[in-house]
Amino acid sequence: MADEPKLFVCVAPDDLRPQVDPLKGSVIVDERRACLSAPDAAAVEHALRMGEAWGLSVVAVTVGPAECDAALAEVSALGVAVRRVDSTRTASPRTLTPTELAGDPRWVAAQLAAQIRSAGPAAMVLCGDRSARHGVGAVPGLLAAELGMPHALGLVEVQVAGELALRVDKRLDGGWRERIAVDCPSVLSVEAAGVRLRRADLGSLVGAPPTVAEVYRAVDVELPGAVEFATPGPYRPRPLRVEPPAGSAHERLVALAGGNVTLSASRVTGPLEAEEAAGELIAFLSAHGYLAGEPGEPGGSRQVRHKD
Amino acid sequence: MSPLSPAGFDAVVVGAGPAGSAAAFALAKAGRSVVIVERGPYPGSKNVYGGVVYGRILDQIDPEWWQSVPVQRWVVRRSTMVLTSSQSVSVDVRSQAWGGPPHNGMTIYRADFDSWLAGKAVAQGARLVCSTVATGLIRDASGRVCGVSTDRPQGELRAKVVIAADGVNSFLAKSAGLYRDSSASHFTLGVKEVLDMDPEVIESRFGLGGREGLDIEALGATGAIPGGGFLYTNHDSVSVGVVVALDGLAASRRRPEELVASFKAHPSIAPYLRNSTLREYSAHLIPEGGYDTMPDLVADGMLVAGDAAGMTLASGLWLEGVNFAVGAGLAAGRAAAAAIEAGDTTAQGLAGYRRQLEASFVLADHMRLRRAPALVLSDRVQGVYNKVLCDLAEQLFTVDNPAPKPGLLTLARRSMAKHGLKFRHLAKDGLEAARTFR
Ligand SMILES: Cc1cc2nc3c(=O)[nH]c(=O)nc-3n(C[C@H](O)[C@H](O)[C@H](O)COP(=O)(O)OP(=O)(O)OC[C@H]3O[C@@H](n4cnc5c(N)ncnc54)[C@H](O)[C@@H]3O)c2cc1C
């Protein structure tokens, strides 16, 4: 049904173990090895779960070469319709040009958005939080902007909370989590956490037609002020200036041997009741700075803050 | 072609190596429905070998295979080296004829070759399912093999014939009880490094032109452990490694990578490898026991082909497995198709497989050279003849003036005596060699 809302999941099958030339620093990929990255696989699994809960069909969209089709066959065997925007490449394995290596997330987002618009309407758009190839997680954000949808990123847990409503946990710095309610339609970037993509059953794989993806040509996109990439060189860390050590050799030896440190004598308390013993331990740990501090600081306790 | 349905196929082939893809090709060509189950993400992704394929058997798959095969280099130089720790004697054969169709050997990467060959089977209509491990055989009430189970959900595949092409140490052939004896002495371990090297350096260093390649096989390269070494040129890399007897390796308590390192450091090999960088390291078992250690090839509903049936030919002068696997796979596919056609896939109905193998090079060569593995891996061939030959050659070409040149027989006697080789040993081994390679 063309007008029925669908769940879209954007994936980028890629060679997850490219070779890096140790001398030239160039990256050599073999796209025959292309498979879903862990975040993409998590996005597909979340989409399948939402599809089951809401009775919606799932469509996978990708921009990639024909070598992706083997990885997409697995996705298709899970009952997902697959659309691939063909990005023609030369034979595999091959050395990536600097521009290819960095890619242009705006171009990719525009292609994905065009596919979603033409196959939509979208109930929800899921993406892995970043692609394996130099990904910084820009595509989902740009895609949300293209589609005019809100964007929730860094999601480590996604739960169906009702009809077309989700409750998601978002990663914050310092071990914090934020729980937010998400309405449809939105773009979600999910991390590879908490779920594992189910395996396609053999019957669906064997019974699938040899070509699983509907292949589309890329749409023309204008990208003003595209970033130019220089050829990457081998990694050369900047020389680090190391200050000469302070003090004489003798002083340093004494310091190393712990000669200047005043040691506190051990103290025997007890035998004590359990409560008193725990109090002693806590007092000791506090006195030595182990229990002080804010969450995220060394020694700080980690808590979960819920915002909903 | 019969319809593809998980309920039942004409044949299931386990393994998309050379044997499996060739078998699937033959079945699909005969109009049979066939599924290949491969554990790797794509054919060849997990496969290890030295690097030279002898391609003439591919005439039966594509008469002009050399036009499309993803070759690295066409071997025009074949060098057999005999080594001691500080000496070497080489027989170097060069033929420009090998550089043109139909060629002789080619260096090729397995990821490329296996994908190419599986592509031929798929183009004929075979179904390829990757990232799927066959975990066991399914039998019917009479005990006949009628399918395989896999590690996927609802992962049973039923078929009239199962072809086990799952490589060395075949789990399926063992499950079917086809191996009577699989002692470690029937296996060798192949260890290999791929080293990056500029194509121009390869060409100047090894005396090669454009797409020409070199194949060096070395005897005496593995110290006290029975085995051999090899060096093959690819387009922009060289493959270098050793093949060693498994029991000898275990007894020596040496690590396989040490053996490759000492082969690479040999004075006859090291200059070839100067300034190269390591790209890849791999190791794999090879079934080198030969004809006498092969399992039964046929069971009710099942055939075994390629390394799964111990079909690598390792006779000292040759290390050939891929062409044997392709030959065996084609025969298995044809025999299975004929048995399905005749409606009899019992061991008796599938017996045509063995007859085809005997009529082809696969078993003919193995039967003729059945004594070769024992001879080649024997203590004297591995540890004495190389020294005798190298000393003899060294003395022959040493000019020791003012002493006059000694006669060849004197030198031979001297060299034999130095290494404890008696004339009766020579006669015995000569006779054995004549019988083996007649
Ligand atoms: C170091 C080394 C050097 C060699 N050098 C040469 C050489 O130069 N020239 C030459 O001709 N031969 C050489 N050989 C031998 C050659 O590699 C083998 O003879 C040949 O690969 C056998 O082909 P095959 O199809 O029988 O098995 P394989 O090539 O081993 O293929 C078996 C396939 O089955 C798959 N498989 C296994 N188990 C399962 C399962 N349970 N479920 C699903 N799939 C499964 C594997 O992933 C694999 O793809 C060498 C071998 C080694 C190890």
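These numbers come from a predicted model, not from an experiment. Atoms considered below: every heavy atom in the structure, side chains included; atoms not considered: hydrogens, waters and symmetry mates. Numbers restart at 1 for each chain; the letters A, B, ... are given by sequence-line order, proteins then strands.
- Within the 3.5 Å criterion, the main-chain N or O of E212(B) finds a donor-acceptor partner in the side chain of R73(B).
- Among residues at least two apart or in separate chains, salt bridge (Lys or Arg N to Asp or Glu O under 4.0 Å) pairs with a member in residues 114-123 of chain B are D62(B)-K120(B), R110(B)-D114(B).
- Heavy-atom distances place both the backbone and the side chain of A200(A) under 4.5 Å from chain B.
- Looking at S131(B), the atoms closer than 4.5 Å to chain A (heavy atoms on both sides) sit in the backbone and in the side chain alike.
- Looking at Y109(B) and S115(B), their side chains never bring a donor and an acceptor atom within 3.5 Å of each other.
- In this structure, chain A has no heavy atom under 4.5 Å from any part of S45(B).
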All N/O donor-acceptor pairs, side-chain side in residues 22-30 of chain B, below 3.5 Å, sequence neighbours left out:
none

